[in-house]
Amino acid sequence: QVQLVESGGGSVQAGGSLRLSCAVSRYSSSMDSMGWFRQAPGKEREGVAAIYTQGGSTYYADSVKGRFTISQDKAKNTLYLQMDALNTDDTAMYYCAAAPWMTERLLLLYSQYHIWGQGTQVTVSS
């Protein structure tokens, strides 16, 4: 059973940075696509960034492009999300998720993912 465990969330002032980590129990073919998602209170879960774990190509939501960076370290079985220039709109619970390979246009759709971590809270204050 594959498990994902997020860490690195916390409270930060606007303009600051955080790096989230997602520890992966083991990689498998059911994890060719991995992503970071977030959900703010009263809002739908949204895709933030995604990566093809085999090729390393990355994709971002327009709202975070140029500020967030998704990366992986397979030697450490870890997925990362570097978040810079944070603003109050980035406040949310952040989740990592995994799924088999999917076409690019589906990568940021949370409904396509079936393995989820428990989430880590990010709070940005002004």
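Contact between M34 and A98 at its shortest, heavy atoms only, is CG-CB, 4.0 Å. Looking at every heavy atom in both residues, L20 comes nearest to T120 through CD2-CG2, 4.0 Å. The shortest heavy-atom contact between L86 and R67 is CA-NH1, 3.8 Å. R38 and A92 get closest at one heavy-atom pair: CB-CB, 3.8 Å. Summarising the geometry of L79 relative to C96, their closest heavy-atom pair is CD2-CB, 4.3 Å, with the distance given to 0.1 Å. In plain terms, the two heavy atoms of P100 and H114 that are nearest each other are CD-CE1, 3.2 Å.
Transitive grouping of hydrophobic side chains (ILVMFWY, heavy atoms separated by less than 4.5 Å) keeps Y80 and Y27 in distinct clusters. Criterion: ILVMFWY side-chain heavy atoms under 4.5 Å apart, direct or through other members. Under it, Y113 and L106 are part of a common hydrophobic cluster. I51 and W101 fall into different hydrophobic clusters, where Ile, Leu, Val, Met, Phe, Trp and Tyr side chains are chained together by heavy-atom contacts under 4.5 Å. Two different hydrophobic clusters hold V24 and F37 under the rule that ILVMFWY side chains link at heavy-atom gaps under 4.5 Å. If you chain together hydrophobic residues whose side chains sit under 4.5 Å apart, V48 and L4 fall into the same group.
A perpendicular orientation is assigned to the rings of Y52 and Y59, their planes being inclined by more than 60° (bins at 30° and 60°).
Contact check for Q54 versus K74: side-chain heavy atoms found under the 4.5 Å cut-off. Here the side chains of S33 and T53 are not in contact, with every heavy-atom distance at 4.5 Å or above. Counting heavy atoms from C-beta outward, R45 and W116 have side chains that approach closer than 4.5 Å. Between Q82 and S17, the closest side-chain pair of non-hydrogen atoms falls below 4.5 Å. A 4.5 Å side-chain heavy-atom check between M102 and L109 finds every atom pair outside the cut-off.
For the pair S25 (side chain) and Q3 (backbone), a donor-acceptor distance under 3.5 Å is present. Proximity of a side-chain donor or acceptor of Q39 to a complementary backbone N or O of Y94 within less than 3.5 Å is not detected.
Distance check: Q72 CD to L81 CG gives 13.0 Å after rounding to the nearest 0.5 Å. Here NZ of K43 is found 15.5 Å from CE of M93. Values are rounded to the nearest 0.5 Å. The distance from atom CE of M31 to atom CG of N77, rounded to the nearest 0.5 Å, is 8.0 Å.
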* To do: Report the C-alpha separation of L108 and Y60 in whole Å, then their side-chain angles, then the decisive distance to 0.1 Å, and conclude whether the side-chain contact (heavy atoms from CB on, under 4.5 Å) test is met.
  => CA-CA 8 Å; L108 295 180; Y60 298 92; 5.9 Å; no

* Asked: After noting the C-alpha distance and the side-chain angles of S28 and V2, does the key distance pass the side-chain contact (heavy atoms from CB on, under 4.5 Å) rule?
  -> CA-CA 8 Å; S28 71; V2 174; 4.2 Å; yes

* Evaluate side-chain contact (heavy atoms from CB on, under 4.5 Å) for C22 paired with W36, printing each intermediate quantity in order. => CA-CA 9 Å; C22 174; W36 285 97; 3.7 Å; yes

* **Test side-chain contact (heavy atoms from CB on, under 4.5 Å) applied to M83 and V122, step by step** => CA-CA 10 Å; M83 305 186 295; V122 172; 3.8 Å; yes

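For K65, the NZ atom sits in a packed shell: over 12 heavy atoms of surrounding residues, nucleotides or ligands are nearer than 6.0 Å. When the shell of 6.0 Å around NZ of K76 is examined, it contains 12 or fewer heavy atoms from other residues, nucleotides or ligands.
Y95 has its ring centre no less than 6.0 Å from the ring centre of Y110.
With 3.5 Å as the limit, one finds no donor-acceptor pair spanning the side chains of D73 and T78.
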